[in-house]
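Report on the structure given below.
So that the names make sense, note that chain A is the first sequence line, chain B the second, and so on, each numbered from 1.
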Protein chains: 2
Amino acid sequence: MKPKKRTTIYDIAEKLNITASSVSRALNNSNHVNEETKKLILKTAAELNYKRNVLASNLRKGQTKTIGVVVPRINQNFFSNVIAGIEETTYSKNFNLIICQSNESHEKEIKCINALINQHVDCIVISVAIEGTDYSHLQNVIDHGIQLIQFDRVADEIETLKVINDNEQATFEAITHLIDQGYKRIALLEGPQTLNIFRQRKEGYLKALNKHKIPVIDELIIENAWTKELGAEATRKLLSLPEPPDAIFASTSDFSALGVLEVATSMGFKVPTELGILGYANEPFTELTSPSITTIDQFSQYMGKTIANLYFQESENKDTTVVPRTISVKPKLIVRASTSRK
Amino acid sequence: MKPKKRTTIYDIAEKLNITASSVSRALNNSNHVNEETKKLILKTAAELNYKRNVLASNLRKGQTKTIGVVVPRINQNFFSNVIAGIEETTYSKNFNLIICQSNESHEKEIKCINALINQHVDCIVISVAIEGTDYSHLQNVIDHGIQLIQFDRVADEIETLKVINDNEQATFEAITHLIDQGYKRIALLEGPQTLNIFRQRKEGYLKALNKHKIPVIDELIIENAWTKELGAEATRKLLSLPEPPDAIFASTSDFSALGVLEVATSMGFKVPTELGILGYANEPFTELTSPSITTIDQFSQYMGKTIANLYFQESENKDTTVVPRTISVKPKLIVRASTSRK
DNA sequence: ATAATTTAAGCAATCGATTGCAGGTTTGAA
DNA sequence: TTCAAACCTGCAATCGATTGCTTAAATTAT
């Protein structure tokens, strides 16, 4: 690579026989520069193909106009939609986004966070990995004076702005729907209980059963079934029980629900008549399976926009300190064929 | 937000009564520092929760260890997989990724590129938007001495490193497969011919027909059918013809093929017996539709890794200038139910 | 015509880390 | 014992943009 020398404000200054200060002021549209010279500077800058060195600028200003986002997986529909939502707002505010994925690894999550702190981003938005129970790296973000916003999967004990789904309520409604459809033995595939979202979903499940006086059967609750493969495995076990369930709620994801559907089909269970299936997240594919899968939409893009707006609101009133608070978005049950037997 | 003062090397230096130079050297593990002091410095740095200011460091070094990626859409399977592939390599090399999406808008693509130039990224990886025919913004990247790597959708006239699919060959094989299955009137949904990939796919289509002496019928070639909606619309038109096609190749994407499938099904055409459907990109959902959709896999993650490796190879031999060249990855036909009628 | 004010532009320090050069000390070889 | 090599460490400049302060010039008010 040719080490092409880039144009700096000094080059422009030299060419016009003025100082870099004036060039800088002109480029920042300060009104402490003569209109004529300003025009001349702008014109020369364009001619020389000048591009501001943001490194220098940011170093001086102590602000990078950059938001870092850490998600478990970029290519999971929910997360990519949240990112799209964030981007919509940040783009209009001329902010940059640095996107990192933790791949569900705690160790990598920490590395990402540290990289973002090093980068002096103005804000970090995170949904934590499945792994890990220690969140001192998040505290560290705060200690460095960086605004932290958690979403979806949040560490309760770290007090920050949080944007979450009302998982419990959504699950409650979903299970109620299953009961309405006449399902009586409803199994739950649960995610790691270290994560708030999975605890809340379980809670919604239990409350719905309780309300309808349906007994909670331990063998119908399967831990850690949060991938397609684990969902499939769990289903194989469940459907081989002497008294198998007549519905399975894959509380962790639609991927898990997909695993359920495939195993159920291959084992000859008719969906939805003999087995109801309910997923979570409204991945696009849930519409395409046969039968299509009932699921819960999280308004992911809207969540992203909410997150970004929250940041800009807060950063505007610098004087007052940030009050940790939680914004809860109510998800929506999307009823499809896999649970419609009436 | 509290404007917490961050620890700098000067703070460490002051505390230990040495100079910042030594601290810097110790932190960079230079061997020009006494082992004992080095240890002491590292210990103190950890105690003070020191985080290197990459802005300052990069400014000084003129290198950011950051690669910028510009894609039309982050949440399209092909692109998110390429990104995942890139990330795998860059992560291991301790490089950062800044990901931008153009949303298929030329104007936004230019803004992204300029933002990345401002950020002084070391390399820009891009797959261009559907919109646009002027690629001076890419030339501009090169003029700023930034390594540019194009992939998939490339601007032929800009000489850079390129990583592409052999679209023509892949299409040729796909169409040959259709012919083998006995399809005779094969329609083509083509993408904007401004993009190389769509031109190549059309070329493969034409060559395959020619080779088998099948006449090319103009009314079976539909321009600009590159979204699900446009694919659906095109299909409605095609299947209403006096002599409708018996197969449709959605050369633009699986989304388009999905539109074809939905319309065909709703119009009562049996797939694959009465109508064969072929997509492009091997989106995960193609496996889930009924019938499942035959498509072409592009080894997207592998492409991503190839791109990143290419960059690191090139950056290692700084002395020699980069020779523009093209690496072609051969995609693979995935035969599924939607074209299997034998 | 002179003082007061406004406007324009320069000077120089600053952000934090890096690094070539130089000075000083220690070690080892002759 | 003397000199060279090896090893540490400090000094000061540098990366490029920004900005408070100052000075000079131009404009307005008195």
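Here dT9(D) presents its C1' atom at 15 Å from CG of L40(B), a figure rounded to the nearest Å. The interatomic distance linking E36(B) (CD) with dC7(D) (P) rounds to 16 Å, in whole Å. Atom CG of D11(B) is separated from atom P of dA17(C) by 9 Å (rounded to the nearest Å). Taking atom CD of E14(B) as the reference point, atom C1' of dG16(C) lies 15 Å away to the nearest angstrom. Straight-line distance from the CG atom of N53(A) to the P atom of dT14(D): 17 Å, rounded to whole Å. If you measure from atom CG of N29(B) to atom P of dT19(C), you get 14 Å, rounded to the nearest angstrom. The NZ-P distance, from K61(B) to dG20(C), rounds to 12 Å in whole Å. L55(B) places its CG atom 18 Å from the P atom of dC15(D), with the value rounded to the nearest Å.
Among the heavy atoms of the strands lying under 4.0 Å from S57(B) are primed sugar atoms or P, OP1, OP2 only; no base atom is included. Among the protein residues, N58(A) comes within range of no part of the nucleic acid, since none of its heavy atoms lies under 4.0 Å from any strand. At the heavy-atom level, L27(B) lies nowhere under 4.0 Å from the strands shown. Base engagement by R25(A) is indicated by at least one non-hydrogen atom pair under 4.0 Å involving a base atom.
On a pure distance criterion of 3.5 Å, a polar donor-acceptor pair joins the side chain of S21(B) and the base of dT19(C). Not a single donor-acceptor contact under 3.5 angstrom links the side-chain atoms of R60(B) to the base of dG16(D).
When each of dA17(D), dT19(D), dC8(D) is scored by its nearest atom to the side-chain atoms of N34(B), the top-ranked nucleotide is dC8(D). Listed candidates were dT18(D), dG10(D), dG16(D). Nearest to the side chain of S22(B) is dG10(D). Here the nucleotide nearest the side chain of V33(A), chosen from dC11(D), dA9(C), dG16(C), is dA9(C). Across dT9(D), dG16(D), dA17(C), the shortest atom-to-atom separation from the side chain of H32(B) is found for dT9(D). Side-chain proximity of I9(B) to dC11(C), dT18(C), dG16(C): nearest is dT18(C).
For the pair V54(B) and N31(A), both in contact range of DNA chain C, the more 5′-proximal nearest nucleotide belongs to N31(A). Of the two residues near DNA chain D, A56(B) and N17(B), the one whose nearest nucleotide lies more 5' is N17(B).
Stacking of K93(B) on the aromatic ring of F312(B) is recorded, both the 6.0 Å distance cut-off and the 45° axial limit being met.
You'll find the ring centres of H106(B) and H137(B) inside the 6.0 Å limit.
Under the 4.0 Å criterion applied to side-chain N and carboxylate O atoms, E159(A) and R325(A) are not assigned as salt-bridge partners. No salt bridge links E36(A) with K39(A); every basic N to acidic carboxylate O contact stays at or beyond 4.0 Å.
Scored by the salt bridge (Lys or Arg N to Asp or Glu O under 4.0 Å) test, E109(B) finds no partners at all (sequence neighbours excluded).
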